[in-house]
Number of protein chains: 2
Amino acid sequence: MTNFLPTLRALVRTYQAFDNFSERHIKSLGLTTGQFDVIATLGNTQGMTCGEIGEKTLMVKGTLTGVLDRLEAKGMIVRVENPKDKRSTLIKLTDVGEKTFQNTFQPHLEYLSQVFDKLSAKELQEIESQLQKLYQLF
Amino acid sequence: MTNFLPTLRALVRTYQAFDNFSERHIKSLGLTTGQFDVIATLGNTQGMTCGEIGEKTLMVKGTLTGVLDRLEAKGMIVRVENPKDKRSTLIKLTDVGEKTFQNTFQPHLEYLSQVFDKLSAKELQEIESQLQKLYQLF
DNA sequence: TATTGTTATACTCTATAACTATA
DNA sequence: TATAGTTATAGAGTATAACAATA
């Protein structure tokens, strides 16, 4: 058993530092992580079914229903009947939701870029390729 | 703004893959992540105050009280008065808790090593150093 | 006055399973 | 029979603030 603990700790604490940094900003925008993920997923699309959103955001359907309820209560999404399959529902951003997307997604990327822009394209590429190597093991 | 999204996605999905893999095992051992973290933190120590545990596990004190309550209910920890400071409490593993530590910590490392052992020491070192680079930015 | 840990409150996510309405 | 989404339930972490005991 090689000593993988330092690598493991580096992964965990790097992710946590990122998550912390990212979440603080998202909350300041008035959204939870789950809500932001849904808004970001729906942005620039014509709408999606719950199943599709669940796949992208890795939320199970029970959780997603709750997140969608809260977004609907805020007037950011609507549920409309899916003409192709009456069992399913299409989720779309409302104008308010669209505005929220514009006001959060791009600013959030810019917020994150404060950090990532300290690295060169080459460095980013190296980090990515090392992470890929690790990812592929799981 | 350089395109850091691929690097970001690699970080997030690698961590999620790890977390998923790790948590599945911890749950199969009958613990939540928070409970396991506390047990792992207390293992091989003479006990710690809540404050110290909170620092190591990154839990806020309100959360920690709940986690400790559940571990106490399982008979895995005890709260004893701290002779050095009567405001604070020392948390210690009971025999049951010690046994749980033995039965989970090492096995969990071995479970994780299934994955990490596919990499050479040099590869692990490279991944770690790239993660460090990223970590330092936050 | 400041700190330690508990309590209380309210929210969100998770997991699971049962349920409905369609397919 | 199978699938899409909702509902119900129970559990756990999060954040915040108020509080008692002690420093």
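Every heavy atom of this structure was used, including side-chain atoms; hydrogens, water molecules and symmetry mates were not.
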D:dT6 phosphate, OP1 or OP2, under 4.0 Å from A:Arg79 side-chain N/O: yes

B:Cys50 side chain, from C-beta outward: closest of C:dT6, C:dC13, D:dT6: C:dT6

Touch class at under 4.0 angstrom, heavy-atom based, for B:Ser88 against every strand present: sugar-phosphate

Proximity to the side chain of B:Arg87 - top-ranked nucleotide from C:dT3, C:dT6, D:dA4: C:dT3

Sugar-phosphate, base or nothing in reach of A:Thr89, heavy atoms under 4.0 Å: sugar-phosphate

Ionic contact status for A:Glu126 with A:Lys122, cut-off 4.0 Å: yes

A:Lys27 or A:Met48, whichever maps to the more 5' nucleotide of DNA chain D: A:Met48

B:Thr49 side chain to B:Thr89 backbone, donor-acceptor under 3.5 Å: no

Touch class at under 4.0 angstrom, heavy-atom based, for B:Thr32 against every strand present: sugar-phosphate

Candidates D:dT6, C:dT12, D:dG13 - which lies nearest the side chain of A:Arg70: C:dT12

Any A:Thr65 side-chain N or O less than 4.0 Å from OP1/OP2 of D:dG5: no

Distance, rounded to the nearest Å, where B:Lys84 contributes NZ and D:dT22 contributes C1': 17 Å

Sugar-phosphate, base or nothing in reach of A:Thr63, heavy atoms under 4.0 Å: base

Touch class at under 4.0 angstrom, heavy-atom based, for B:Thr49 against every strand present: sugar-phosphate

Sugar-phosphate only, base, or nothing, as touched by A:Lys61 at under 4.0 Å among non-hydrogen atoms: base

Nearest-nucleotide 5' precedence on DNA chain D, B:Gly62 against A:Gly62: A:Gly62

A:Ile26 vs A:His108 side-chain heavy atoms within contact, under 4.5 Å: yes

Touch class at under 4.0 angstrom, heavy-atom based, for A:Asp85 against every strand present: sugar-phosphate

